[in-house]
Undergrad: 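The structure's right below; bear with me while I get my questions together.
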Amino acid sequence: MEYITLSSRGVYGLDQALITYLIIILVLLIVLSAFFSGAEVGMMAINRYRLRYLAKQKQRSALRVSRLLERPDRLLGIILIGNTFANILASAIATILAMHWLGEIGIVVATILLTLIILIFAEITPKTFAALYPQKVAWFASRPLSFLLKLLTPFVWLVNLFANNFLCLLGIDLKKPDTEKLTEGELRNIVHETEGLISDAHKQMLLAILDLEKAVVEDIMVPRNEIVAIDLGKPWDEILEQIKTSQHTRLPIYKENMDDVQGIIHLRKVVQSLSADKFDRELLIAMAENCYFVLETTPLHSQLLNFQQHKERMCLVVNEYGDIEGLATLDDILEEVVGEFTTDFAATSKDISPQEDGSVIVDGSVTLRDLNRAMQWELATSGPKTLNGIILEHLEFIPSAGTSVLINHYPIEVMQVKDNMIKTVKIFPRKI
């Protein structure tokens with residue numbers, strides 16, 4: 001019987017030194033493949049807004065990454081060239097080694113084992129790590145990628161030439177890529193997710209600024225029937241007393257009714273003239289400044305800019321017919337952003353009085369926005385602006401005391417009606 005023995009060189013006669021070199025090269029190629037896989041995800045997943053901020057701060061790694069991302073076709077070109085080269089060469093070496101040890105069956109074994117090794121150690125693991133820490137990976141990878149891009153520029157340019165031409169054949173305009181812009185909803189979500197980075201008060205202010213676009217002047221104005229103004233038809237003694245005791249620094253003056261407004265007086269200027277013997281109605285009218293009128297549908301963010309451009313702090317709000325509907329001030333808009341300026345509970349609770357049984361007694365003239373803000377409720381503000389208005393809209397008649405209505409799951413009982421207006425109501429806890 002004749003026995004066949006294999007030499008120490010194996011089936012294909014590879015000596016031990018060459019096998020050692022091939023194993024080392026194979027390991028290095030798998031590491032290189034992992035580097036390119038992680039670099040691809042890290043570069044593409046990095047926070048672009050943070051990157052721009054750091055680049056403006058002249059951070060070196062940020063500047064290097066920004067330059068690479070300016071041409072994503074070149075960046076992806078060098079990454080994929082390196083990754084493809086490493087994987088193919090690793091496959092060839094693994095096949096040689098497997099055939100040396102196992103013969104022809106080694107081709108199948110090498111394919112299966114190398115696929116698992118590359119999938120686990122050169123794809124999933126580095127890409128997962130890069131997705132979790134994109135900035136660290138991008139910083140680390142930017143230097144070797146920049147070097148390789150310079151070294152292989154001609155080859156990368158040639159590969160991208162064919163790839164870009166193929167994209168053009170598909171009708172893709174490479175000169176007009178989609179720009180990364182945040183929508184209002186995305187920006188709002190970013191503010192919500194800044195847990196621990198900014199205080200709750202600042203977070204609410206940022207969200208309130210975004211909400212300015214949804215609100216109009218009508219939502220925050222003082223209604224016409226609540227405007228504090230000087231009626232020139234009153235006796236002069238009453239006018240003087242009103243000027244001396246007024247809590248406001250600016251007051252409209254009018255004759256007979258608010259539609260015949262004569263102007264706005266600044267009480268600081270008027271007080272200086274009170275001691276003068278010739279101070280009378282004519283002088284008061286002469287000291288009045290021109291009124292600044294705005295349409296009730298003007299968005300709040302636009303009106304804020306209008307106040308700044310016109311150097312005004314107060315305006316009279318008119319409807320489409322020119323009739324005066326109310327009065328708005330710069331402070332009213334600022335309170336939408338920063339909240340109420342006053343911390344005096346008595347001043348903020350005179351129209352909203354919580355009761356021990358969980359109900360709330362509310363003045364009918366209070367605005368729905370103020371009520372929602374004070375009680376953390378969700379009454380609809382798209383229609384009527386006051387509590388009186390939303391109740392009348394639902395009932396479609398002027399109710400009497402004791403009438404009840406359910407609005408947005410809130411049971412509401414009318415307590416007092418006067419001059420065809422609901423003066424006081426009681427609102428019970430919401431029924432789910």
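We number each residue from 1, following the sequence as shown. Keep in mind that what you see is a predicted model, and the values were worked out from it rather than measured.
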Undergrad: Give a yes or no on whether the backbone of Ser353 and the side-chain of Gln355 come within a donor-acceptor separation of less than 3.5 Å.
TA: yes
Undergrad: Quick one: pull up NZ in Lys136 and OG in Ser61 and give me the separation to the nearest 0.5 Å.
TA: 13.5 Å
Undergrad: Is NZ or CZ of Arg52 both nearer than 6.0 Å to the six-membered ring centre of Tyr49 and within 45° of the ring axis?
TA: yes
Undergrad: With a 4.5 Å heavy-atom cut-off, do Leu284 and Leu232 have their side chains touching?
TA: yes
Undergrad: Treating Asn319 as the side-chain partner and Tyr321 as the backbone partner, does any N or O pair qualify as donor plus acceptor under 3.5 Å?
TA: yes
Undergrad: Kindly say whether Gln303 contributes a backbone atom to a donor-acceptor pair with the side chain of Thr298 at under 3.5 angstrom?
TA: no
Undergrad: I'd like to know whether CZ of Phe155 has more than 12 heavy-atom contacts from other residues, nucleotides or ligands below 6.0 angstrom.
TA: no
Undergrad: Inspect the surroundings of CZ in Phe140 and state if more than 12 heavy atoms from other residues, nucleotides or ligands are less than 6.0 Å away.
TA: no
Undergrad: Should we count CD of Gln57 as having more than 12 external heavy atoms under 6.0 Å?
TA: yes
Undergrad: Nearest heavy-atom pair of Val362 and Val360: which atoms, and what distance?
TA: CG2-CG1, 3.5 Å
Undergrad: Do Lys255 and Gln262 pass the side chain to side chain contact (heavy atoms under 4.5 Å, CB included) test, and can you show the C-alpha distance, the side-chain angles, and the key distance before you say yes or no?
TA: CA-CA 7 Å; Lys255 292 181 179 179; Gln262 302 295 302; 4.1 Å; yes
Undergrad: Ignoring hydrogens and angles, tell me if any N or O in the side chain of Gln242 forms a donor-acceptor pair with the backbone of Ala229 under 3.5 Å.
TA: yes
Undergrad: Compare all side-chain heavy atoms of Ile324 with those of Tyr254 and state whether any distance is below 4.5 angstrom.
TA: no
Undergrad: Contact between Met314 and Thr249 at the side-chain level, heavy atoms closer than 4.5 Å - yes or no?
TA: no
Undergrad: Under a 3.5 Å cutoff, is there a donor and acceptor pairing between the side chains of Thr329 and Asp331?
TA: no
Undergrad: Identify the heavy atoms of Ala55 and Ala62 that sit nearest to each other, and give their distance.
TA: N-CB, 3.7 Å
Undergrad: Going by atom types only, do Thr386 and Asn388 share a side-chain donor-acceptor pair under 3.5 Å?
TA: no
Undergrad: List the atom of Pro252, the atom of Met258, and the distance in Å for their closest heavy-atom pair.
TA: CB-CE, 4.4 Å
Undergrad: Can you see which heavy atom on Trp139 is nearest to which on Ser142, and at what distance?
TA: O-OG, 2.9 Å
Undergrad: What distance separates Glu320 CD from Glu296 CD, expressed to the nearest 0.5 Å?
TA: 7.5 Å
Undergrad: Please enumerate all residues that pass side chain to side chain contact (heavy atoms under 4.5 Å, CB included) together with Ala141, with sequence neighbours excluded.
TA: Phe35, Ala39, Leu145
Undergrad: For side chain to side chain contact (heavy atoms under 4.5 Å, CB included), just list the numbers for Val108 and Ile112, CA-CA rounded to whole Å, side-chain angles, deciding distance to a tenth of an Å, and then say yes or no.
TA: CA-CA 6 Å; Val108 178; Ile112 295 174; 4.0 Å; yes
Undergrad: Do the side chains of Leu51 and Leu69 get nearer than 4.5 Å, heavy atoms only?
TA: yes
Undergrad: Indicate yes or no for a side-chain donor-acceptor contact from Ser91 to the backbone of Asn87 under 3.5 Å, with no hydrogens or angles considered.
TA: no
Undergrad: Would you check if Asp231 and Glu238 make a side-chain contact, meaning some heavy-atom pair closer than 4.5 Å?
TA: no
Undergrad: Whether the side chain of Ser246 engages the backbone of Ile243 through a donor-acceptor N/O pair (distance < 3.5 Å, no angle test) should be reported.
TA: no
Undergrad: Using a 3.5 Å distance criterion without hydrogens, assess whether the side chain of Thr125 forms a donor-acceptor pair with backbone atoms of Phe121.
TA: no
Undergrad: Taking atom CG of Leu251 and atom CD1 of Ile253, what is their separation to the nearest 0.5 Å?
TA: 9.5 Å
Undergrad: To the nearest 0.5 Å, what is the distance between CG (Leu395) and CD1 (Ile422)?
TA: 6.5 Å
Undergrad: Is a side-chain N or O of Asp419 found less than 3.5 angstrom from the main chain of Met421, in a donor-acceptor match?
TA: no
Undergrad: Under 3.5 Å, is there a donor on one side chain and an acceptor on the other for Gln308 and Asn306?
TA: no
Undergrad: Taking the side chain as every heavy atom from C-beta outward, state whether Val417 and Thr403 have any pair of such atoms under 4.5 Å apart.
TA: no
Undergrad: Are Phe129 and Tyr133 close enough that their ring centres sit under 6.0 Å apart?
TA: yes
Undergrad: Is there a side-chain contact between Val137 and Val41, using heavy atoms and a 4.5 Å cut-off?
TA: no
Undergrad: Quick one: does Val294's side chain get under 4.5 Å of Val318's, heavy atoms only?
TA: no
Undergrad: Atom CZ of residue position Arg281 - does it have more than 12 heavy atoms of other residues, nucleotides or ligands inside 6.0 Å?
TA: yes
Undergrad: Is it true that atom CG of Asn290 has more than 12 heavy atoms of other residues, nucleotides or ligands lying nearer than 6.0 Å?
TA: no
Undergrad: Give the intermediate values and the outcome of side chain to side chain contact (heavy atoms under 4.5 Å, CB included) for residues Gln135 and Leu54.
TA: CA-CA 11 Å; Gln135 182 173 310; Leu54 294 175; 4.2 Å; yes
Undergrad: Which atoms form the tightest heavy-atom contact between Arg74 and Val156, and what is the distance?
TA: O-CG1, 3.9 Å
Undergrad: How many angstroms lie between CD1 in Ile333 and CD1 in Ile220, if you round to the nearest 0.5 Å?
TA: 5.0 Å
Undergrad: Run Ile427 and Leu387 through side chain to side chain contact (heavy atoms under 4.5 Å, CB included) and show every step you take.
TA: CA-CA 11 Å; Ile427 304 178; Leu387 183 58; 4.1 Å; yes
Undergrad: Nearest 0.5 Å, please: how far is CD in Glu218 from CG in Leu295?
TA: 9.5 Å
Undergrad: For Pro411 and Pro429, which heavy atoms make the closest approach, and how far apart are they?
TA: CD-O, 3.4 Å
Undergrad: Is it true that atom CH2 of Trp157 has more than 12 heavy atoms of other residues, nucleotides or ligands lying nearer than 6.0 Å?
TA: no
Undergrad: Who passes salt bridge (charged side-chain N to carboxylate O under 4.0 Å, His left out) against Glu241, sequence neighbours left out?
TA: none
